[in-house]
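These notes are about the structure you will find just below.
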Amino acid sequence: MSMDFIEALNELEREKGISKDILFEAIEAALISSYKRNFNTAQNVRVDMNRHTGEIKVYARKLVVEEVLDPRTEISLQAAREINPNYHLDDITEIEVTPRDFGRIAAQTAKQVVTQRIREAERGLIYNAFVEKEEDIVTGIVQRQDLRNIYVDLGKVEAHLPLNELMPNEKFKHGDRIKAYITKVENTTKGPQILLSRTHPGLLKRLFELEVPEIFDGVVEIRSVAREAGFRSKIAVYSRNSEVDPVGSCVGPKGTRVQTIVNELRGEKIDIVRYSENVEEYVANALSPSKVLEVQVFEAEKMARVIVPDYQLSLAIGIKGQNARLAAKLTGWKIDIKSETQAEEEFGREKTEQGEMPQDSISVD
């Protein structure tokens with residue numbers, strides 16, 4: 001092996017960040033297999049490659065024993081001490097057995113190993129780079145599409161965006177720039193596999209974190225997200241500083257911050273609501289933009305009965321129950337919505353019989 005080869009390994013270490021020591025170890029391991037295969041031997045051998053000159057030597061490793069049963073792997077104590085008088089029983093001797101024409105085999109093997117290790121190392125570097133970005137947003141270029149996936153070029157790797165992770169009516173063509181959320185990074189035999197999503201609630205959360213400085217700084221906190229991608233989302237926010245309005249921070253001056261996110265999500269409507277430790281208040285806020293008259297909380301069932309003005313009932317429920325469904329997802333509570341008239345008809349008699357409404361009910365203006 002020549003000095004040119006050693007310099008090439010040094011260059012690989014500088015350019016691709018592949019440790020030269022790891023390459024040496026891999027080459028030595030491969031040369032052991034090559035030696036045994038090409039010279040048809042079952043000897044226990046060690047290959048040593050000089051880190052500075054590239055010189056390669058093969059050593060047969062033999063166990064020092066009293067009686068030799070297998071001369072390929074064992075050596076007598078007497079013979080061992082002829083090599084070095086300091087050997088004792090059960091020591092391992094090393095005898096150089098480097099073949100004369102081993103250099104040619106070594107060169108071929110080393111080239112194959114280096115090529116393979118470069119590929120593996122690059123895959124490892126890519127995996128490590130992207131596994132840290134799991135649950136984060138990346139921007140890529142659409143390359144192609146098949147029946148199941150859109151393939152997105154992220155620079156060093158191609159990611160998969162399943163078609164069922166696209167928002168309704170969302171279409172992309174070759175060359176389009178796309179923002180997506182990394183849901184999973186797997187290290188497979190074919191290299192890192194990165195799965196993307198445009199529908200995941202995490203995409204909405206990360207967009208707000210990137211767009212709203214108060215969230216990035218930790219002053220405003222996102223407590224919960226509920227999303228029906230492409231249609232409507234709700235996000236509950238809380239401020240650690242009483243002087244900072246969490247909803248106003250997310251909306252931004254003249255609505256610029258939230259509008260940027262709406263544009264990225266192709267017009268998806270976003271309700272930003274104030275989080276509260278008070279369940280009644282939180283549920284009422286979650287049903288925004290509907291006005292709520294009263295919230296009755298039933299802890300055992302983790303259910304909230306909400307009473308709204310008659311003219312607000314359809315708004316509170318939403319199209320095909322969307323507003324109520326999202327509010328339930330956002331708060332984690334079952335929500336039963338009644339109009340004022342329905343509440344009087346269904347629960348008025350119960351109130352009369354019992355004398356009062358449940359003690360944990362509250363009126364919300």
Side-chain angles (χ1 to χ4, degrees), residues 133-140 149-150 152 159-172 178-185 194-212 214-216 220-239 246-252 255-276 279 282-290 302 304 306 314-335 337:
K133 295 182 179 180
E134 207 170 52
E135 300 184 351
D136 202 351
I137 292 174
V138 289
T139 301
N149 297 296
I150 289 177
V152 181
H160 297 183
L161 173 59
L163 296 183
N164 60 5
E165 293 293 334
L166 286 176
M167 293 187 290
N169 303 319
E170 194 170 39
K171 293 182 180 179
F172 293 95
I178 183 173
K179 279 185 180 179
Y181 182 79
I182 297 180
T183 57
K184 183 182 288 187
V185 179
I194 300 169
L195 298 179
L196 305 177
S197 173
R198 290 272 297 168
T199 64
H200 197 283
L203 175 63
L204 179 65
K205 182 179 179 181
R206 287 295 293 134
L207 286 172
F208 270 99
E209 289 172 346
L210 293 171
E211 193 65 33
V212 181
E214 290 84 352
I215 295 177
F216 184 83
V220 173
E221 182 181 342
I222 298 173
R223 287 297 182 92
S224 182
V225 176
R227 187 178 182 210
E228 293 191 0
F231 299 104
R232 191 173 197 146
S233 297
K234 288 182 181 288
I235 181 168
V237 291
Y238 171 81
S239 176
V247 175
S249 297
C250 293
V251 172
T256 53
R257 292 175 181 173
V258 70
Q259 191 57 48
T260 299
I261 297 171
V262 169
N263 293 341
E264 175 59 39
L265 299 181
R266 308 295 176 92
E268 183 175 311
K269 294 179 180 179
I270 302 173
D271 295 334
I272 305 170
V273 304
R274 188 185 299 270
Y275 173 83
S276 175
V279 176
Y282 187 26
V283 169
N285 292 345
L287 284 168
S288 172
S290 170
K302 201 169 184 182
V306 179
S314 59
L315 182 62
I317 295 173
I319 300 173
K320 297 181 179 178
Q322 186 182 71
N323 194 55
R325 191 164 56 246
L326 285 171
K329 287 182 182 178
L330 189 74
T331 60
W333 285 70
K334 296 178 184 177
I335 298 177
I337 302 175

Worksheet entry | Pairing of Glu264 and Arg198 as salt bridge, 4.0 angstrom limit | yes
Worksheet item: Between Val220 and Val212, does a side-chain contact (heavy atoms from CB on, under 4.5 Å) hold up when you go through it step by step?
Response: CA-CA 9 Å; Val220 173; Val212 181; 5.6 Å; no
Worksheet item: Mind checking what makes salt bridge (charged side-chain N to carboxylate O under 4.0 Å, His left out) contact with Glu211, not counting sequence neighbours?
Response: none
Worksheet entry | Asn169 CG: over 12 foreign heavy atoms closer than 6.0 Å | no
Worksheet entry | Thr331 (side chain) donor-acceptor with Ala327 (main chain) under 3.5 angstrom | yes
Fill in: Close side-chain approach of Ile337 and Leu287, heavy atoms under 4.5 Å
yes
Worksheet entry | Test item: Ile270 and Phe208 side chains (from C-beta on) under 4.5 Å apart, heavy atoms | yes
Worksheet item: Quick one: side chain to side chain contact (heavy atoms under 4.5 Å, CB included) partners of Val185, sequence neighbours excluded?
Response: Tyr127, Phe130, Val131, Glu134, Ile182, Ile194
Worksheet item: Which distance, rounded to the nearest 0.5 Å, do you find between the CD1 of Ile150 and the NZ of Lys171?
Response: 11.0 Å
Worksheet item: Which atom pair, heavy atoms only, marks the closest approach of Thr183 to His200?
Response: CG2-CD2, 4.0 Å
Practice prompt. Flag the pair Arg266 and Glu268 as a salt bridge only when some basic side-chain nitrogen lies within less than 4.0 angstrom of an acidic carboxylate oxygen.
Written response: no
Item to complete: Evaluate the side-chain proximity of Tyr282 to Leu330: yes if any heavy-atom separation is below 4.5 Å, no if none is.
Response: yes
Practice prompt. State the OG-NZ distance between Ser197 and Lys184, to the nearest 0.5 angstrom.
Written response: 12.5 Å
Practice prompt. Of all the heavy-atom pairs spanning Cys250 and Val237, show the shortest one and how long it is.
Written response: SG-CG1, 3.8 Å
Worksheet item: Between the main-chain N or O of Val273 and the side-chain N or O of Lys234, is there a donor-acceptor pair closer than 3.5 Å?
Response: no
Practice prompt. Drop me the distance from Asn323's CG to Ser314's OG, to the nearest 0.5 angstrom.
Written response: 10.5 Å
Discussion item. For Gly332 versus Lys302, what's the shortest heavy-atom pair and its separation?
Written reply: O-CE, 3.4 Å
Worksheet item: Taking atom NZ of Lys205 as the centre, does the number of heavy atoms from other residues, nucleotides or ligands within less than 6.0 Å exceed 12?
Response: no
Fill in: Test item: Pro168 and Phe231 side chains (from C-beta on) under 4.5 Å apart, heavy atoms
yes
Worksheet item: About how many Å separate CD1 of Ile272 and CG of Asn285, when rounded to the nearest 0.5 Å?
Response: 13.0 Å
Worksheet item: CD of Glu214 to OG of Ser239: how many Å apart, nearest 0.5 Å?
Response: 8.5 Å
Worksheet item: Is there side-chain contact between Ser249 and Ile215, with at least one heavy-atom pair below 4.5 Å?
Response: no
Worksheet entry | Nearest non-hydrogen partners of Leu196 and Ala180, listed with the distance | CB-CB, 3.8 Å
Practice prompt. May I ask you to decide whether Lys320 forms a salt bridge with Glu228, counting only side-chain N to carboxylate O separations under 4.0 Å?
Written response: no
Worksheet item: Under 4.5 Å between any side-chain heavy atoms of Arg232 and Asp271, yes or no?
Response: yes
Item to complete: Could you pull out the closest heavy-atom pair between Ala328 and Ile335, with the gap in Å?
Response: N-CD1, 3.7 Å
Worksheet item: What is the distance from atom CD1 of Ile222 to atom CD1 of Ile235, rounded to the nearest 0.5 Å?
Response: 3.5 Å
Practice prompt. Using a 4.5 Å cut-off on heavy atoms from C-beta on, say whether the side chain of Gln259 contacts that of Thr256.
Written response: no
Fill in: Non-hydrogen side-chain atoms of Arg227 and Leu203 separated by less than 4.5 Å
yes
